[in-house]
There are 2 protein chains.
Amino acid sequence: MQKFRSTCPIASALDLLGDKWSLLIIRDLAFMGKRTYSEFLASEEKISTNILADRLGWLEENGMVSSQQDASNKKKYNYHLTEKGLDLLPLLLEIIIWSDKHLPEHIAEQAKFFALQIKEDKAGVLAYWRAQLSQ
Amino acid sequence: MQKFRSTCPIASALDLLGDKWSLLIIRDLAFMGKRTYSEFLASEEKISTNILADRLGWLEENGMVSSQQDASNKKKYNYHLTEKGLDLLPLLLEIIIWSDKHLPEHIAEQAKFFALQIKEDKAGVLAYWRAQLSQ
DNA sequence: ACAATTAACTTGCATAATGCAAGTAATTTT
DNA sequence: AAAATTACTTGCATTATGCAAGTTAATTGT
């Protein structure tokens, strides 16, 4: 029933984001330009429809994501990262650096290129994506 | 059956660490000076014994943690972060910064102080803990 | 205008992950 | 030698996730 297990910042972040899907939705919003339910659904990891609906609701309830009805198509909802969601970018970049270093045989070439850019200029990459995603 | 859902670095890291407990064990090893099963068990989040045994095995199998029998007490096993585990420190620091900023009413005072230090000198904090934990 | 399609879900049920309480086995301490 | 410690395992309950099908409202195609 309680949302948080403790007052530890790491445990608390995990209570909000520590499942197999939430950060992938954040990734899709951050780096893949995805905005809608059906776009998230089409990601290669193949999230199920009920879990996606549940996670979008959870992320919105907890202020990491916001949604608004599409202006030109009333049945579409566009999701965006809030400031709280955008502030997960540094964390995502660190994950990419870690996976690039420790799972090199496994990850995609494209990801390695991204990791290289991050290692060369983390602040620059961060600024670029923040600008991209703001507004 | 498959370990990884995709070749995405974020999805892959989540496949290894994306549960409610693994990163807390890493935290205990990194910042709390904990080394043994019963010390992890005593953490305030109250992990169950079977889950703890399972996660320690998983983290060791996947090279993030190593264990060795205690020299002076044969029934004790001391766990340590490997290089792969140590390289999660930057990620942990980013999580702390995020929680400090976005869950301020929830996290402990002590964590806020730690977050402040990280914000003032991230590289320094990182270097300090790496030195602390190496060897 | 009407039928087909799209978009965003919900529902019901199966499987897998987690949680809880108790038990075990090998030391180590008293 | 008995009691306590340490690191687990086992069995079962609960919760989370996964899968397939169905629903509702809006939109597009003819």
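In what follows, every chain begins at residue 1, and chains take the letters A, B, ... in the order their sequences are listed.
- When distances run from any side-chain atom of A:I51 to the nucleotides C:dT27, C:dT10, D:dT17, the shortest one goes to D:dT17.
- Set against D:dT10, D:dA7, C:dA8, the side chain of B:N50 has D:dT10 as its closest nucleotide.
- Closest approach to the B:D19 side chain among C:dT18, C:dT27, C:dT10 is made by C:dT18 (side chain taken as heavy atoms from C-beta onward).
- Nearest nucleotide to the B:Y79 side chain, out of D:dC8, C:dA7, C:dT18: D:dC8.
- For B:Y37, whose side chain is taken as the heavy atoms from C-beta onward, the closest listed nucleotide among D:dA25, D:dC8, C:dA8 is D:dC8.
- Checking side-chain atoms of A:K20 against main-chain N and O of B:D15 turns up a donor-acceptor pair under 3.5 Å.
- Atom NZ of B:K76 and atom C1' of C:dA25 are 18 Å apart (whole Å).
- The nearest whole Å value for the distance from the CG atom in A:L52 to the C1' atom in C:dA8 is 9 Å.
- Atom CD1 in A:I47 sits about 14 Å away from atom C1' in C:dA8, given to the nearest Å.
- Using a 4.0 Å cut-off, no side-chain N or O of A:W21 falls inside it from OP1 or OP2 of D:dA16.
- Protein atom NZ of B:K20 is 10 Å distant from nucleotide atom C1' of D:dA16, rounded to whole Å.
- DNA chain C is contacted by both B:D54 and A:Y77; A:Y77 maps to the nucleotide lying nearer its 5′ end (nearest heavy atom per residue).
- Protein atom CD of A:E45 is 15 Å distant from nucleotide atom C1' of D:dG18, rounded to whole Å.
- With D:dA7, D:dC8, C:dT28 as the candidates, the nucleotide lying closest to the side chain of B:A53 is D:dC8.
- Residue B:T49 has no polar side-chain atom (N or O) positioned under 4.0 Å from OP1 or OP2 of D:dC8.
- Within a 6.0 Å sphere centred on CD of A:Q132, other residues, nucleotides and ligands contribute more than 12 heavy atoms.
- Using a cutoff of 4.0 Å between basic side-chain nitrogens and carboxylate oxygens, B:D28 and B:R35 are not scored as salt-bridged.
- In this model, no side-chain donor or acceptor of A:K75 finds a partner on the base of D:dT27 within 3.5 Å.
- With hydrogens and angles disregarded, a donor-acceptor distance shorter than 3.5 Å links the side chain of A:T82 to the backbone of A:G63.
- Applying the 4.0 Å criterion to OP1 and OP2 of D:dT27, one finds that A:N73 has a side-chain N or O inside that range.
- Between A:S48 and D:dT17 there is no side-chain polar atom (N or O) within less than 4.0 angstrom of OP1 or OP2.
- Of all heavy-atom pairs between A:I96 and A:F114, the closest is CD1-CE2, 3.7 Å.
- Whole-Å rounding puts the A:I25 CD1 to D:dT17 P distance at 11 Å.
- To the nearest angstrom, C1' of D:dT5 lies 16 Å from NZ of B:K74.
- What separates CG of B:L41 from P of C:dA21 is a distance of 13 Å, to the nearest Å.
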